[in-house]
Enquirer: 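Quick one: structure below, then a few questions.
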Amino acid sequence: MSEKFLANTLQYVERAAKLLDLPSDDLLQLQTPHREVRVELNIRRDDGSIGTFIGFRVQHDDARGPFKGGLRYHPHVDAAEVTALASLMTWKTAVAGVPFGGAKGGVQVDAASLSPGEKQRLTRRFIDGIHDIIGATKDIPAPDVNTNGQVMAWIFDQYTKYHGYEPGVVTGKPVSLGGSEGRAQATGRGCVYATEELLADRGEALAGKTVCIQGFGNVGSWAARDFAAKGARVIGISDITGAYIADEGIDVNAAVAHVTAHQSLEGFPGGEHLPGDTLLTKPCDILVPAALSGVLTKDNAAEVACRYIVEGANGPTDPEADAILAKKGIVVVPDIYANCGGVTVSYFEWSQNMQHFYWDEARVNQELRRVMARGFADLRATANKHRCSLRTAAFVLGLGRVHGATKLRGL
Ligand code: NAD
């Protein structure tokens, strides 16, 4: 599964390299990760036994700035998945135009099986294993699947024990520890801004559009809130417990309150409960996959019945599915642009940490809006120039910028 994700990512990169006429040795240099670290993590479980886990950090490229990328806790985490995600970060930071490279980390663990104390001990052990290769000017982790502001706070604290006060070592921190206003909302909010850019390009408005969102964690739930606040009708949401469908519209705030109270959508009374995958093929205007990679495949792409896909998740669409969707006339706003709001506000957080000067949320949102608008304009111009999809345009843009920086720096 994750080998396929890595192969898919390389395929998208190679397609862009062809359009850019990159020499094969330049491409190999850009594709090869800078450093791959694997650490054994032993923790004392609450019942007195020893839990042994494996953690990964892949630093893909730092030609344009320090390595940057999230940290995921999930049973599917392995070297191939983390490498694919690190590579996507390299192209994403370049598309967003933020001065970072690409990295990703993860621990192979079922996060739901950990008590808060075990999760804290695991996080601190992981930082014991990688503290010497991270830092505000080296490599800056952030939240991803099953990690959040609390996990970032533990990372900050553990790193501080080795290296002293350095809040810029990690982003997505709680605001009270030097986090940025608007960071928690940023990825989902960025997806909504990306959708507005796409619709404006096509002379359409967001108000009244129907939306289905897969995944109701950080990205999905904030996207749902912003879509609803802007007058779109969220008719389907889903999480690991299944899909919840209501054609008249889901009460998004009630769904958020349910998850806050029960940790998942299980038992949410505000929609018909159906198997999770039904959400992906439900007729709607906008589909937002905001859970895991590889969910749109050659097996279900023909049944997808939306007009637009906005990729909140990283790598949700296989290349075979991409081709089927394009034939059906479905426009895909690709992950490395659509979900770059997270890393963009992480950049704002990092630069606030470096200056010890903090912004209000209105300023964060305004700057994020500017980055998303500029990003879409760049994507549109690149797609027009090369007569290609927005996805290929995004990879052309990202690869071109990283290649340019690499050449300028020399070997
Ligand atoms: P999260 O852990 O907060 O939420 C994940 C959600 O997905 C949960 O609701 C979970 O129940 C759901 N889910 C898991 N498996 C599912 C399945 N099989 N079907 C339906 N739902 C399922 O994670 P997140 O931070 O929201 O990340 C979601 C995606 O967005 C990931 O692909 C991540 O890499 C990407 N992303 C996150 C950020 C960020 O800032 N958090 C930034 C960019 C991209």
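Counting starts at 1 for both ligands and their atoms, following the listed order. Numbering starts at 1 and runs along the sequence shown.
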Enquirer: Please identify which atoms of ligand 1 are closer than 4.0 Å to at least one heavy atom of Gly312.
Expert: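 Matching atoms, with element in brackets: 30 (O), 35 (C), 36 (N), 44 (C).
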Enquirer: Answer with yes or no whether the side chains of Thr171 and Lys68 bring together a donor and an acceptor at under 3.5 Å.
Expert: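 Lys68 vs Thr171: donor-acceptor pair found between side chains.
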Enquirer: Side chain or backbone, does Gly220 bring an N or O within less than 3.5 Å of an N or O on ligand 1?
Expert: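 N/O-N/O distance under 3.5 Å: no.
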Enquirer: Side chain or backbone, does Leu85 bring an N or O within less than 3.5 Å of an N or O on ligand 1?
Expert: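 No, since none of the N or O atoms of Leu85 sits under 3.5 Å from an N or O of ligand 1.
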Enquirer: I'd like to check the side chain to side chain contact (heavy atoms under 4.5 Å, CB included) partners of Thr241; sequence neighbours left out, ordered by chain and number.
Expert: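 Partners of Thr241 under the side chain to side chain contact (heavy atoms under 4.5 Å, CB included) test: Asp239, Tyr244, Ser264, Leu265, Glu266.
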Enquirer: Evaluate the criterion salt bridge (charged side-chain N to carboxylate O under 4.0 Å, His left out) for residue pair Asp157 and Arg124; output intermediate values, then yes/no.
Expert: CA-CA 9 Å; Asp157 186 69; Arg124 290 186 186 278; 2.8 Å; yes
Enquirer: For residues Tyr308 and Glu204, is any side-chain donor paired with an opposing acceptor at under 3.5 Å?
Expert: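 Yes, because at least one side-chain N or O of Tyr308 sits under 3.5 Å from a partner of the opposite role on Glu204.
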Enquirer: Any idea which atoms of ligand 1 are less than 4.0 Å away from a heavy-atom of Arg72?
Expert: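 Answer for ligand 1: 31 (C), 32 (O), 33 (C), 34 (O).
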Enquirer: Suppose we measure from atom 24 (P) of ligand 1 to each protein heavy atom; which comes out shortest, and what is that distance?
Expert: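 Looking at atom 24 (P) of ligand 1, the protein heavy atom closest to it is Val219 CG2, 3.9 Å.
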Enquirer: When you measure from atom 23 (O) of ligand 1 to every protein heavy atom, which one gives the shortest distance, and what is it?
Expert: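 It is Val145 CA, 3.5 Å.
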Enquirer: Establish, from distance only, whether the side-chain atoms of Thr147 and Arg72 form a donor-acceptor pair under 3.5 Å.
Expert: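 On atom types as modelled, these side chains do not qualify, holding no pair under 3.5 Å.
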Enquirer: Please report which non-hydrogen protein atom sits nearest to atom 8 (C) of ligand 1, along with the residue it belongs to and the distance in Å to one decimal place.
Expert: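 Result for atom 8 (C) of ligand 1: Gly217 N, 3.9 Å.
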Enquirer: Report yes if Ala290 has an N/O atom closer than 3.5 Å to an N/O atom of ligand 1; otherwise report no.
Expert: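 It does not: no N or O of Ala290 is found under 3.5 Å from an N or O of ligand 1.
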Enquirer: Between Tyr73 and Thr123, is any side-chain donor less than 3.5 angstrom from a side-chain acceptor?
Expert: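 Per modelled atom types, Tyr73 and Thr123 side chains form a pair under 3.5 Å.
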Enquirer: Suppose we measure from atom 15 (N) of ligand 1 to each protein heavy atom; which comes out shortest, and what is that distance?
Expert: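 Here the nearest protein heavy atom works out to Ile240 CD1, 3.5 Å.
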Enquirer: For the side chain of Arg64 and the backbone of Val98, is there at least one donor-acceptor N/O pair under 3.5 Å apart?
Expert: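 Yes, Arg64 side chain to Val98 backbone: donor-acceptor pair under 3.5 Å.
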Enquirer: Report the C-alpha distance between Trp350 and Phe100 in whole Å, list the side-chain angles of each, state the deciding distance to 0.1 Å, and finish with yes or no for ring-ring contact (aromatic ring centres under 6.0 Å, His included).
Expert: CA-CA 11 Å; Trp350 177 83; Phe100 290 132; 5.1 Å; yes
Enquirer: Please name the pair of heavy atoms, one in Ala243 and one in Leu279, separated by the smallest distance, quoted to 0.1 Å.
Expert: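 Closest approach of Ala243 to Leu279, heavy atoms only: CB-CB, 4.1 Å.
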Enquirer: Pick whichever of Ala142, Gly70, Ala291 has a heavy atom sitting closest to atom 32 (O) of ligand 1.
Expert: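 Comparing heavy atoms across Ala142, Gly70, Ala291, the nearest one to atom 32 (O) of ligand 1 lies in Ala291.
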Enquirer: Output all residues satisfying side chain to side chain donor-acceptor pair (under 3.5 Å) with Asn218, sequence neighbours left out; order by chain, then residue number.
Expert: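 Partners of Asn218 by the side chain to side chain donor-acceptor pair (under 3.5 Å) criterion come out as none, since no residue qualifies.
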Enquirer: Could you tell me whether Ser238 and ligand 1 have an N or O pair separated by under 3.5 Å?
Expert: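 No: no nitrogen or oxygen of Ser238 is under 3.5 Å from one in ligand 1.
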Enquirer: Within ligand 1, which atoms have a heavy atom of Leu292 less than 4.0 Å away?
Expert: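 So the answer, numbered in order with elements, is 15 (N).
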Enquirer: Students should be able to answer this: which protein heavy-atom is nearest to atom 33 (C) of ligand 1, and at what distance?
Expert: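 The protein heavy atom lying closest is Asp144 OD1, 3.1 Å.
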Enquirer: So does Ala96 get a backbone contact from the side chain of Arg374, meaning a donor-acceptor N/O pair under 3.5 Å?
Expert: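 Yes; at least one donor-acceptor contact below 3.5 Å.
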Enquirer: Closest non-hydrogen protein atom to atom 39 (C) of ligand 1, residue and atom name please, with distance?
Expert: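 Looking at atom 39 (C) of ligand 1, the protein heavy atom closest to it is Thr187 OG1, 3.4 Å.
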Enquirer: Among all protein non-hydrogen atoms, which one is nearest to atom 19 (N) of ligand 1, and what is the separation to 0.1 Å?
Expert: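 For atom 19 (N) of ligand 1, the nearest protein heavy atom comes out as Gln214 NE2, 3.8 Å.
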Enquirer: Can you check salt bridge (charged side-chain N to carboxylate O under 4.0 Å, His left out) on Arg125 and Asp128, steps first, answer last?
Expert: CA-CA 5 Å; Arg125 274 299 294 122; Asp128 289 341; 3.4 Å; yes
Enquirer: Could you tell me, atom by atom, which parts of ligand 1 come under 4.0 Å of a heavy atom of Arg183?
Expert: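 Per the distance check, 40 (O).
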Enquirer: At what distance is the nearest protein heavy atom to atom 3 (O) of ligand 1, and which residue and atom is it?
Expert: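 Sorting protein heavy atoms by distance from atom 3 (O) of ligand 1 puts Asn218 N, 2.9 Å first.
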Enquirer: Report the member of Asp335, Asn314, Asp277 with the shortest heavy-atom distance to atom 36 (N) of ligand 1.
Expert: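 Closest candidate by heavy-atom distance is Asn314.
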Enquirer: Only heavy atoms count here, so choose which of Val345, Asp239, Leu265 is nearest to atom 20 (C) of ligand 1.
Expert: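 Nearest heavy atom to atom 20 (C) of ligand 1 lies in Asp239.
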Enquirer: Considering only heavy atoms of Ala313, which atoms of ligand 1 have at least one such atom less than 4.0 Å away?
Expert: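 Answer, ordered by atom number: 29 (C), 30 (O), 32 (O), 35 (C).
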